[in-house]
Amino acid sequence: MQLVKQADVEALLDSLCVGTADAVLVHSDLLRFGRPEGGVGTYLAAFDTVLGEAGTLAVPGFTFSFIKTGSYHWADTRSEDMGAFAEAVRKRPGTGRTRHPLQSVAVRGPHARALTTIQTPSAYAKNGVFQAISDLDFKVVLLGAEPKHISHSHLSEETARVPYRFDKHVSGASVLGPGEGVQHKTWSFFARDLERDVRPAGEHIIVSELLDQGDWTTAMLNGVRTYAGPVSKFVAALDQRLSNDPLWMARVSAKPERPGPSND
């Protein structure tokens, strides 16, 4: 298994045009790169160094167990299937969490205060957290994750009201921030209609186009391709596709339009 050093990660972020004072939303699968010299702390230290105190680091903190348990606490409920890096960021002292018990974002840095004050029934509403992340000029960093893991695709799908998803409502008890009491509320998310057997795809096509246009960047670490670029560029491109054809992602999943970026 290949070794990953902090300097390797810092060099990668530099190649991806991530630098001081940037705001980044990271989707990660660190195991693909090999063994980090200092565990997940290798990556945390690299982001700290590259972003500096003026930078903002965000990761998804999704917890769909709320559907079954009806119980959520911003500090105690761990993220699910988001990877070791996301959970490590969430657990760091000083990290905040946005106000949604199913689709939260763990965030630290200057933009954390603004993001953790937003509360909407759906996290992907036009005035919700994911729209705010796009408006605040965040970059997406795919750190071992694939384009299909870009969560902002759901923002475009909800904006377009794609017909293979529906508003699923979930009620429960939540503690959404430090020093707060329990809220008993109903939340929503734009769930996939399982009876229609649609598995939307196409993020790789959008990323390929953004790379071709020079709007996004790609680089390699230990033989694994990584990607980064402005959230807003991705959202605008997918919005356009779905505006023209709300079933575009369903059609791509049935028959790929063109090859995506290679992992070679």
Side-chain angles (χ1 to χ4, degrees), residues 25 27 60-68 70 72 79-82 98-105 118-135 138 140 142 145-172 174 185-213 215-216 227 229-261:
L25 173 64
H27 298 285
F62 295 177
T63 50
F64 285 101
S65 60
F66 181 74
I67 298 171
K68 294 182 178 180
Y72 169 85
S79 58
E80 299 162 355
D81 301 322
M82 297 293 108
T98 61
R99 303 174 67 83
H100 200 282
L102 293 100
Q103 293 174 309
S104 68
V105 174
I118 297 171
Q119 182 171 324
T120 53
S122 167
Y124 289 98
K126 289 303 290 183
N127 57 341
V129 164
F130 284 90
Q131 181 64 55
I133 288 172
S134 178
D135 293 343
F138 271 66
V140 172
L142 298 180
E146 298 289 346
K148 66 182 179 181
H149 297 124
I150 299 174
S151 54
H152 269 79
S153 61
H154 304 316
L155 176 63
S156 295
E157 288 180 305
E158 187 160 333
T159 298
R161 304 303 301 175
V162 295
Y164 51 82
R165 293 187 180 273
F166 69 101
D167 292 306
K168 184 177 180 67
H169 301 289
V170 182
S171 298
S174 308
K185 297 181 69 69
T186 297
W187 306 86
S188 70
F189 70 101
F190 206 38
R192 187 163 55 89
D193 185 349
L194 299 181
E195 292 185 0
R196 301 191 65 156
D197 194 28
V198 173
R199 299 181 181 275
E203 293 92 343
H204 63 292
I205 295 172
I206 301 298
V207 170
S208 288
E209 292 174 347
L210 293 172
L211 290 172
D212 291 344
Q213 295 163 12
D215 293 321
W216 273 45
Y227 310 87
V231 174
S232 59
K233 295 285 188 179
F234 176 87
V235 171
L238 186 52
D239 278 353
Q240 184 62 50
R241 292 277 192 166
L242 295 180
S243 175
N244 294 334
D245 178 8
L247 284 170
W248 179 75
M249 296 185 79
R251 300 188 204 286
V252 171
S253 67
K255 184 178 181 180
E257 181 175 314
R258 55 176 279 196

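The figures here come from the full heavy-atom set of this structure, side chains too, leaving out hydrogens, waters and symmetry mates.
Residues K185 and S174 fail the side-chain proximity criterion, which asks for heavy atoms closer than 4.5 Å. Contact check for E146 versus E203: no side-chain heavy atoms found under the 4.5 Å cut-off. L25 has its side chain within reach of P60: a pair of non-hydrogen atoms, C-beta onward, lies under 4.5 Å apart. A heavy-atom distance below 4.5 Å is found between the side chains of I150 and F234. Residues Y227 and L211 have side chains in contact (heavy-atom distance under 4.5 Å, counting atoms from C-beta outward). Between H100 and V129 the shortest side-chain heavy-atom distance does not fall below 4.5 Å. At a threshold of 4.5 Å between non-hydrogen side-chain atoms, the residues S153 and L238 count as touching. Considering only heavy atoms from C-beta on, R251 comes within 4.5 Å of D245 through its side chain.
Under a 4.0 Å N-O distance rule, the pair D167/R161 qualifies as a salt bridge.
The minimum heavy-atom distance between P163 and L247, with the atom names listed, is CG-CD2, 3.6 Å. Residues V105 and T98 approach most closely at N-OG1, 2.7 Å, considering heavy atoms. Taking each heavy atom of T63 and S79 in turn, the nearest pair found is CG2-CA, 4.0 Å. Listed here is the closest heavy atom pair of P147 and V207: CB-CG2, 3.8 Å. Between S151 and H27, the shortest heavy-atom contact is OG-CE1, 3.2 Å. Here the shortest heavy-atom pairing between T186 and S171 reads OG1-OG, 2.6 Å.
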- Message: Apply side-chain contact (heavy atoms from CB on, under 4.5 Å) to residues D193 and V198 and explain how you reach the verdict.
- Response: CA-CA 8 Å; D193 185 349; V198 173; over 6 Å; no

- Worked check of side-chain contact (heavy atoms from CB on, under 4.5 Å) between V140 and W216: CA-CA 9 Å; V140 172; W216 273 45; 3.8 Å; yes

- Query: Can M249 and V162 be said to form a side-chain contact (heavy atoms from CB on, under 4.5 Å), step by step?
  - Reply: CA-CA 9 Å; M249 296 185 79; V162 295; over 6 Å; no

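Between Q103 atom CD and F66 atom CZ the span is 12.0 Å, to the nearest 0.5 Å. Between F166 atom CZ and L194 atom CG the span is 7.5 Å, to the nearest 0.5 Å. Atom OH of residue Y72 and atom CG of residue L102 lie 9.5 Å apart, to the nearest 0.5 angstrom.
Take H154 and apply the ring-ring contact (aromatic ring centres under 6.0 Å, His included) test, not counting sequence neighbours, and it matches Y124. F64 is linked by a ring-ring contact (aromatic ring centres under 6.0 Å, His included) to F189, counting only residues two or more places apart in sequence or in another chain. Remark: N244 pairs with Q240 by the side-chain hydrogen bond (donor to acceptor under 3.5 Å, both in side chains) rule, at least two apart or across chains. A search for salt bridge (charged side-chain N to carboxylate O under 4.0 Å, His left out) contacts involving R165 returns E157, not counting sequence neighbours. Q119 pairs by the side-chain hydrogen bond (donor to acceptor under 3.5 Å, both in side chains) definition with R99, Q183, not counting sequence neighbours. Looking at residues two or more places apart in sequence or on another chain, you find no side-chain hydrogen bond (donor to acceptor under 3.5 Å, both in side chains) involving S232.
No side-chain donor-acceptor contact under 3.5 Å links S253 to the backbone of A201. Not one N or O on the side chain of H152 forms a donor-acceptor pair closer than 3.5 Å with the backbone of L155. In terms of modelled atom types and a separation under 3.5 Å, the side chain of W187 and the main chain of H169 share no donor-acceptor contact. Between the side chain of T120 and the backbone N or O of S122, at least one donor-acceptor pair lies under 3.5 Å. No side-chain donor-acceptor contact under 3.5 Å links R192 to the backbone of R199.
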